[in-house]
Amino acid sequence: MNVTRRQLGALVGAALLAPAVPARSASAAAPAWKLMWAPDPAAVGLRAFETLEDDRADSHPAGQPHIYVEGDAFRFNMHTVDRDTSTDRQRQEVTGTRNPDGYLRWLAGETWRVTYSMYIPSSLKATTTFTHISQTKMPGTGTSPITVTSLRRVNGVQTIEHKIFESDTLVGRTELEPLHDKWIDAEYEIKIGDGSSGSVRWVLRSGGVTLVDATRTGDTFLGDRVRPKWGIYRSLGDTSGSLLNCYLLLRNMRAYKQVQAVATRLEAESATISQGVVESNHAGFSGAGFVNTDNVAGAYVEWRHEAAAAGPATLTVRYANGTGADRPVDLAVNGRVVASGVSFPSTGAWTSWTSRSAVADLAAGANTIRLTATTAGGCPNLDYLEVLQ
Ligand code: GCU
Ligand code: CA
């Protein structure tokens with residue numbers, strides 16, 4: 001397992017803000033994203049990556065290092081004097097996704113997702129020849145990129161685009177200038193396969209607004225495996241006067257692998273109940289009923305779940321709250337609170353059921369998962385817990 005407790009802690013907070021995915025039937029296999037890589041730049045530095053190409057031609061010693069950690073971000077500097085081994089271009093890049101126990105291998109037949117934030121200063125401009133700021137490649141020399149995110153001038157306009165390289169398939173493109181000098185969010189998904197069994201999704205967001213969310217089919221496998229790259233790799237052939245001293249910042253880098261997870265539904269009426277009763281007077285529940293806890297802080301419902309393996313699980317609670325007030329609870333796994341004061345806001349009526357999800361680490365074998373009311377309102381009415389792992 002590559003995910004540390006610290007990484008999971010971050011995820012728990014984020015996941016709780018989102019409404020859950022629709023409930024699935026008991027013990028059904030379903031695709032889920034497993035967090036595989038979430039480097040903290042300050043903690044792991046450039047060991048977050050498999051290889052480092054910092055001025056590999058040693059063209060500008062005075063500018064080294066060109067790639068380093070700055071605050072919570074990875075920084076890539078490019079000076080106009082920097083030259084790659086092919087002297088018609090410049091390159092300051094990192095490749096791969098590495099954890100303390102080794103680098104991740106993205107293989108044919110797998111689907112991977114990468115999310116990160118990037119800061120493109122106005123000095124890093126789109127050019128008339130190539131400027132790539134991320135790529136996927138087969139490791140080794142002699143092959144073209146598989147996909148590229150590039151800053152390209154199109155009819156004089158600066159754009160940022162994503163392409164499947166070999167077939168020159170444009171996945172998406174948007175204007176770059178409005179995105180300069182601010183943090184923007186990128187999401188990239190690659191289904192690794194030959195020919196039409198491969199596909200790519202590229203999403204770009206700025207300030208919560210989705211500018212691009214496009215998916216294209218295309219060949220995404222050349223051989224061996226797929227490895228991502230980030231940094232600045234650009235041609236000196238630009239004719240628009242856009243090659244300046246510049247830099248690129250990346251932060252919140254995450255990689256997820258798609259897995260077939262199994263969802264197990266555990267009805268609340270079959271769980272251990274402290275200060276509460278099983279009822280069935282509000283329609284819409286699953287199973288034989290739901291748990292109505294006493295309206296008191298400390299009331300709880302505790303489920304037992306046998307996990308096939310240790311690792312992160314998505315915990316989804318279906319509930320109803322017919323009052324206008326929040327019914328916050330603490331979520332504890334195996335006696336340890338992993339999320340406190342989790343909000344269970346009003347659903348409008350006791351017959352309106354909805355779901356909330358969180359991600360938490362489970363142990364192999366027996367686990368307890370407990371929701372404890374933290375306010376005098378008690379818990380919301382609880383229908384079931386679903387464990388997706
Ligand atoms: C009502 C409702 C119960 C609910 C309770 C509460 O009595 O019928 O299902 O549990 O309010 O406020 O907790
Ligand atoms: Ca109640």
Side-chain angles (χ1 to χ4, degrees), residues 76 78 89-93 111-137 144-193 195-196 198-222 226-244 246-255:
F76 304 78
M78 183 65 78
R89 61 195 64 193
Q90 309 182 290
R91 182 198 301 270
Q92 309 293 359
E93 286 185 302
T111 301
W112 286 78
R113 177 185 188 193
V114 170
T115 61
Y116 55 96
S117 299
M118 63 181 157
Y119 187 98
I120 305 174
S122 53
S123 57
L124 176 50
K125 297 186 185 305
T127 51
T128 56
T129 45
F130 69 84
T131 293
H132 302 318
I133 56 169
S134 91
Q135 311 179 51
T136 50
K137 290 205 72 189
S144 300
I146 301 168
T147 59
V148 284
T149 303
S150 314
L151 309 181
R152 182 187 302 281
R153 281 192 180 254
V154 180
N155 301 323
V157 178
Q158 296 195 61
T159 74
I160 179 169
E161 64 173 34
H162 191 83
K163 278 186 172 180
I164 301 174
F165 190 82
E166 199 73 17
S167 54
D168 200 35
T169 303
L170 181 66
V171 180
R173 176 185 282 153
T174 189
E175 279 195 39
L176 175 63
E177 278 187 73
L179 306 180
H180 270 141
D181 300 322
K182 60 176 73 148
W183 285 100
I184 59 176
D185 300 309
E187 198 176 310
Y188 171 74
E189 244 172 72
I190 181 167
K191 183 166 178 280
I192 303 172
S196 59
S199 65
V200 167
R201 176 171 176 232
W202 188 57
V203 183
L204 206 62
R205 295 190 182 90
S206 175
V209 177
T210 301
L211 303 167
V212 181
D213 183 349
T215 303
R216 294 286 180 276
T217 296
D219 195 332
T220 56
F221 185 65
L222 297 178
V226 173
R227 188 166 65 179
K229 301 187 78 165
W230 293 274
I232 302 171
Y233 176 43
R234 67 181 180 182
S235 159
L236 292 165
D238 173 65
T239 55
S240 63
S242 299
L243 300 176
L244 308 177
C246 63
Y247 63 93
L248 171 70
L249 301 176
L250 302 177
R251 71 179 183 195
N252 293 334
M253 303 188 84
R254 303 277 182 275

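In this structure a side-chain-to-backbone donor-acceptor pair under 3.5 Å is present from T128 to T239. One N or O on the side chain of T220 and one on the backbone of G193 form a donor-acceptor pair closer than 3.5 Å. S235 contributes a side-chain N or O that, together with a main-chain N or O of G237, makes up a donor-acceptor pair within less than 3.5 Å. Remark: side-chain polar atoms of D219 are not paired, donor with acceptor, to backbone N or O of L222 under 3.5 angstrom. The main-chain N or O of V226 is never found under 3.5 Å from a side-chain atom of T136 such that the two would form a donor-acceptor pair.
Within the 4.5 Å cutoff, no side-chain heavy atoms of S150 are placed close to those of I133. Looking at heavy atoms from C-beta onward, N252 lies out of side-chain contact with T115 at the 4.5 angstrom threshold. The side-chain heavy atoms of E187 and V114, taken from C-beta on, include no pair separated by under 4.5 Å. Between E161 and V171 there is no side-chain heavy-atom pair separated by less than 4.5 Å. Residues Y247 and P121 have side chains in contact (heavy-atom distance under 4.5 Å, counting atoms from C-beta outward). For the pair L249 and W183, the minimum side-chain heavy-atom distance is below 4.5 Å. Side-chain contact between R89 and F130 is present, with at least one heavy-atom pair separated by less than 4.5 Å.
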Starting from the C-alpha separation in whole Å, work towards a yes-or-no answer on side-chain contact (heavy atoms from CB on, under 4.5 Å) for R216 and S167. CA-CA 11 Å; R216 294 286 180 276; S167 54; over 6 Å; no
side-chain contact (heavy atoms from CB on, under 4.5 Å) between E175 and Q158, intermediate numbers included: CA-CA 6 Å; E175 279 195 39; Q158 296 195 61; over 6 Å; no
So Q135 and K229, side-chain contact (heavy atoms from CB on, under 4.5 Å) or not? Walk me through it. CA-CA 5 Å; Q135 311 179 51; K229 301 187 78 165; 4.1 Å; yes
Pair S117-L250, side-chain contact (heavy atoms from CB on, under 4.5 Å): steps then yes or no: CA-CA 6 Å; S117 299; L250 302 177; over 6 Å; no
Chi angles and distances behind the salt bridge (Lys or Arg N to Asp or Glu O under 4.0 Å) call for K125, E177: CA-CA 8 Å; K125 297 186 185 305; E177 278 187 73; over 6 Å; no
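To the nearest 0.5 Å, atom NZ of residue K163 and atom CG of residue L170 are 6.0 Å apart. Here CG of D168 is found 10.0 Å from CD of E166. Values are rounded to the nearest 0.5 Å. In this structure, the separation between OH on Y233 and CD on Q90 is 11.0 Å, given to the nearest 0.5 Å. Here the CD-CH2 distance, from E189 to W112, works out to 13.0 Å after rounding to the nearest 0.5 Å. Interatomic distance, C246 SG to I232 CD1, rounded to the nearest 0.5 Å: 4.0 Å. With values rounded to the nearest 0.5 angstrom, S123 atom OG is found 7.5 Å from D181 atom CG.
Ring centers of Y188 and Y116: at least 6.0 Å apart, outside the cut-off.
At a cut-off of 3.5 Å, with distance as the only test, no side-chain donor of T127 or T129 sits close to an acceptor on the other residue. No side-chain donor from either of R152 and T131 sits under 3.5 Å from a side-chain acceptor of the other.
Closest approach of I164 to G218, counting heavy atoms only: CD1-CA, 3.8 Å. Among all heavy-atom pairs drawn from L244 and R234, the shortest one is O-NH2, 2.9 Å. Annotation for Q92 and F76: closest pair O-CD2, 3.7 Å, computed over non-hydrogen atoms. Of all non-hydrogen atoms in R153 and A126, the two that sit nearest each other are NE-O, 3.0 Å.
A side chain to side chain contact (heavy atoms under 4.5 Å, CB included) with R173 holds for exactly one of I160, V154, V212; it is V154. Among D185, V209, T174, T149, the single residue meeting the side chain to side chain contact (heavy atoms under 4.5 Å, CB included) criterion with L204 is T174.
Ring geometry for H132 against F165 counts as perpendicular: the plane angle is over 60°, on a 0 to 90° scale with 30° as the lower cut.
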